[in-house]
Amino acid sequence: MIDERERISMVVDKVIEMFQPDPARIRFDDPFYALVSIILSQNTSTKNVRAAMERFRRRFNSVEAVAFASLKSIQEAIKPAGLWRMKAPRIKLIARQIAEGRIDLRKVLSMPYPEAKRTLMSLDGVGPKTADVFLMFARGEHVLPIDTHIFRVMRRLGIAREKDDYEVVRSKLESAVKPEKRISAHLALIEFGRRICTARNPKCGECPFSKICPSSRVLR
Ligand code: SF4
């Protein structure tokens, strides 16, 4: 009988092998646009995030331009992204706080992880996941952020319990995944959740974990 850490490690190695993510393809030249891109990526395909970011950057060339723009013009710019109506006020709120000097994102990038995360989360509209994803992509922090797909997959596999919150699941996964593998693990687990262990009608028949998964729909 394998223990939980071995199970997590086995699942992560398998999904990395399946999807072979390339963390190097994700690069940001400006921390504010990195944060916007992370917000846009929720419930949105990579292709549509790219389209929304191109429109957004064409329309707004500075954080101040976003901070004082109308909500409608931000919504219009990010329309290719899912949930654009809800995301626009969040982007504007964050831009406003940065423009007012509440936080300097470049300084945050040189802080130790706990301080950097705490500082990011002091912004209204930035929670632990957004802060972790930002630090992971903007400076290669060895953290393993848990998005909605990863949460679902871990619950179905019996690794995350119902009562486990974001930090509990993150530390469970991080205790089993080597630091240098965490970005790939994050990207591959999201792909697995999007393509195989989908929210509705998971494809258990195609899943390599169907024999060990307590939620499998495959008859055993
Ligand atoms: S067996 Fe089904 S429910 Fe379990 S991880 Fe695979 S796809 Fe998800």
Side-chain angles (χ1 to χ4, degrees), residues 1-26 37-50 52 80-84 86-87 127-137 140-220:
M1 181 88 166
I2 61 171
D3 71 15
E4 188 168 84
R5 285 180 61 198
E6 287 171 325
R7 207 143 54 98
I8 295 170
S9 175
M10 185 269 285
V11 166
V12 164
D13 286 348
K14 186 67 196 170
V15 294
I16 290 177
E17 183 195 316
M18 285 166 80
F19 298 108
Q20 304 193 355
D22 176 15
R25 82 184 152 76
I26 302 166
S37 170
I38 290 161
I39 292 166
L40 293 181
S41 70
Q42 290 148 14
N43 293 290
T44 304
S45 68
T46 311
K47 187 171 148 242
N48 287 353
V49 174
R50 209 170 293 134
L83 306 177
W84 51 271
M86 284 166 53
K87 288 173 182 171
K129 189 201 76 184
T130 301
D132 279 342
V133 176
F134 175 77
L135 292 170
M136 180 176 77
F137 286 133
E141 185 74 40
H142 287 151
V143 69
L144 207 165
I146 308 297
D147 85 326
T148 166
H149 296 288
I150 303 178
F151 236 123
R152 181 179 67 252
V153 170
M154 292 302 145
R155 282 209 181 103
R156 285 181 176 162
L157 284 166
I159 291 165
R161 318 273 177 269
E162 275 309 312
K163 62 174 175 32
D164 287 351
D165 66 9
Y166 175 89
E167 295 299 348
V168 170
V169 181
R170 179 175 73 82
S171 78
K172 271 187 190 177
L173 265 63
E174 287 182 5
S175 71
V177 180
K178 286 192 183 132
E180 63 276 14
K181 226 191 246 185
R182 289 178 188 160
I183 299 184
S184 295
H186 171 83
L187 295 171
L189 284 167
I190 291 175
E191 275 311 296
F192 178 72
R194 279 185 173 155
R195 297 205 222 163
I196 309 283
C197 193
T198 46
R200 267 179 275 163
N201 301 320
K203 299 180 181 67
C204 302
E206 298 171 31
C207 176
F209 313 122
S210 63
K211 287 205 172 85
I212 60 154
C213 176
S215 316
S216 173
R217 297 175 176 200
V218 174
L219 292 176
R220 279 167 278 182

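This chain uses plain numbering: 1 for the first residue, then up along the sequence. We count ligands from 1, going down the list as the structure has it; atoms in each ligand are counted the same way. Here the structure is a predicted model, which means the values were calculated and not measured.
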Under the side chain to side chain contact (heavy atoms under 4.5 Å, CB included) test, residues paired with Glu174 that sit two or more places apart
Val143, Leu144, Arg170, Arg182
Between Lys172 and Asp164, does a salt bridge (charged side-chain N to carboxylate O under 4.0 Å, His left out) hold up when you go through it step by step?
CA-CA 10 Å; Lys172 271 187 190 177; Asp164 287 351; 2.8 Å; yes
Pairs where residues 11-21 contributes a residue and the test side chain to side chain donor-acceptor pair (under 3.5 Å) is met, not counting sequence neighbours:
Asp13-Lys181, Lys14-Glu17
Going by the side chain to side chain donor-acceptor pair (under 3.5 Å) test, which pairs reach into residues 186-199, not counting sequence neighbours?
Glu191-Arg195
Using a strict cut-off of less than 4.0 Å between a Lys/Arg side-chain nitrogen and an Asp/Glu carboxylate oxygen, indicate whether Arg156 and Glu162 qualify as a salt bridge.
no
Is the shortest heavy-atom distance from the side chain of Val169 to the side chain of Ile159 under 4.5 Å?
no
Near atom 6 (Fe) of ligand 1, which protein N/O/S atoms are found at less than 2.8 Å?
Cys207 SG
